[in-house]
K.L.:
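Mind looking over this structure? Questions follow.
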Amino acid sequence: MTDKKPSPCLEDLDARLRRAHERRPDQGADNDQGPNRGSIGAGLGFALRIGIELVAALAVGVAIGYGLDRWLGTAPWLMVVFFFLGSAAGFLNVYRAVSGYGYAAGYSRDSDRDKKGSQRESSPDSDK
Amino acid sequence: MADAAAGESHSPLAQFMIKKIIPFEVGGVDVSYTNSALAMTAAVVAVSVFLIFGMRRGALVPGRWQLLAEMGYEFVANMIRDNVGQEGRRYFPFIFSLFMFIFAGNLIGMIPYSFTYTSHLIVTFGLAATVFVGVTIIGFAKHGMHFFGFFLPHGVPWFLAWLIIPIEILSYLSRPVSLSLRLFANMTAGHTMMKVFAGFIFVLGIAGVAPLVMVVALTGLEIIIAFLQAYVFAILTCVYLNDALHMH
């Protein structure tokens, strides 16, 4: 029976697979490999990110300040200004990463904040 | 190739030296085929062979290689679905290539006497800059001038805007730097540390067992880091993409 008409059978399977895939984003976070991978990979990865984040913004700030100083001949004032702006940006980056804003530029509104907190399960459907 | 590193200095940094294999110049610009380029070619070939031969059968019940290839696919697909959503599907090829290229490069670097191209800042910065420019263009294409709303968060009083906007712009500009610096620093530091420990093995004689144990442990750690850094790079690309696609 199956070898005579393989296509309807496969089509049925296809349709069922598609239905399953459509349902999946809602329960995607609950599959058994998700939390496990998340806790080890994301935790260690997160720890490795934070330090660099602080330094990178500072370096960008100082580089921009230095470049503007060279260009405008205002050494060393713009570099000083951008040093502080850069360190503020670095702290902002770290604060955002730690407090769960992700790396989004700008703050989220209150309505978005809930979404960000439970980003993993709700982002695929609520972001549309 | 193998004796090139041994013949020269024993500096732990000698492993990062670029060596020309086929010297070549176009219009005064040095475009030689170097050991870095060789490692990149090897990575691309290895990934292509892995995926093409892994999926050659396309069996319903996968074999070992097919299973690995499908795991890689699933891993990146899940990452994009969790972090970007359904709209991110269009960017799957790019993020998958990025992940595989970095991962393969890190793993190839783990082979003794080979070269780790991800330990060069210009390589990682090139990748990060591609991501940064691409994401910015996507943001502009999708939101137009509204994209500048990125730099002025909601609810900021007008008298603070002059301070917040430069900070936000700097924070945005620091993305490619931190993205590239992270991968570069991790790979360079890890490989240097391994070389330093390995350098103690013969010097210490019988007590060299201790650094030998350490090097074995570090090799395992480095393989974890090789995966983790590729994962972090890919996931941050997803996060940036999500920002550009769904601005708040």
Side-chain angles (χ1 to χ4, degrees), chain A residues 10 13 24-25 28-29 31 33-34 37-38 40-42 44-46 48-49 51-61 63-64 81-82 84-93 96 101-113 115-116 119-128, chain B residues 60 71 74-75 78-89 139 147 149-156 163-186 224-225 227-229 231-233 235-236 238-240 242-248:
Chain A
L10 278 179
L13 181 69
R24 223 176 141 193
N31 57 358
Q33 53 184 345
R37 184 195 295 144
I40 297 173
L44 192 50
F46 193 68
L48 294 171
R49 283 182 214 168
I52 304 269
E53 210 62 52
L54 192 66
V55 183
L58 188 59
V60 169
I64 289 177
V81 169
F82 273 90
F84 286 108
L85 287 178
S87 45
F91 280 117
L92 191 63
N93 282 346
R96 267 189 199 132
Y101 285 113
Y103 286 78
Y107 292 98
S108 346
R109 274 168 293 185
D110 278 324
S111 57
D112 295 342
R113 207 168 285 169
K115 182 192 75 190
K116 280 281 172 188
Q119 189 186 21
R120 277 185 176 260
E121 52 239 27
S122 63
S123 65
D125 37 36
S126 66
D127 279 355
K128 267 177 202 165
Chain B
L60 206 57
M71 270 170 69
E74 275 282 300
F75 180 71
N78 282 339
M79 189 196 299
I80 294 174
R81 204 192 54 218
D82 290 347
N83 289 288
V84 190
Q86 294 298 328
E87 285 173 68
R89 283 240 164 260
F147 182 75
F150 250 172
F151 303 124
L152 188 61
H154 295 278
V156 172
L163 187 61
I164 297 294
I165 290 174
I167 291 177
E168 289 288 349
I169 291 175
L170 276 179
S171 165
Y172 189 70
L173 288 180
S174 74
R175 281 173 169 190
V177 177
S178 68
L179 195 58
S180 56
L181 211 59
R182 184 178 304 114
L183 178 59
F184 153 76
N186 272 288
I224 295 176
I225 286 182
F227 168 73
L228 211 58
Q229 287 306 318
Y231 167 71
V232 166
F233 202 100
I235 206 164
L236 281 181
C238 290
V239 169
Y240 296 161
N242 182 39
D243 276 354
L245 287 176
H246 317 112
M247 276 179 60
H248 10 265

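Per chain, numbering begins at 1; letters A, B, ... match sequence-line order.
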K.L.:
Using non-hydrogen atoms only, which part of A:I64 is less than 4.5 Å away from chain B: side chain, backbone, both, or neither?
P.N.:
side chain
K.L.:
Are any non-hydrogen side-chain atoms of B:L163 and A:L85 less than 4.5 angstrom apart?
P.N.:
yes
K.L.:
Specify the closest pair of heavy atoms between A:L92 and B:E168, including all atoms of both residues, with the distance to one decimal.
P.N.:
CD2-OE2, 3.8 Å
K.L.:
Ignoring hydrogens, what is the shortest heavy-atom contact between B:S174 and A:V60? Give both atom names and the distance.
P.N.:
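B:S174 and A:V60 have their closest heavy atoms at CA-CG2, 3.8 Å.
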K.L.:
Is any side-chain heavy atom of B:R175 less than 4.5 Å from a side-chain heavy atom of A:N93?
P.N.:
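When only atoms from C-beta onward are counted, A:N93 and B:R175 do not touch, as no gap falls below 4.5 Å.
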K.L.:
Shorter than 4.5 Å, heavy atoms on both sides: which option in A:G61, A:A59, A:A56 has the most such pairs with chain B?
P.N.:
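Winner by heavy-atom pair count: A:A56.
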K.L.:
What are the two closest heavy atoms between A:A88 and B:I167, and how far apart are they?
P.N.:
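Looks like CB-CD1, 3.5 Å.
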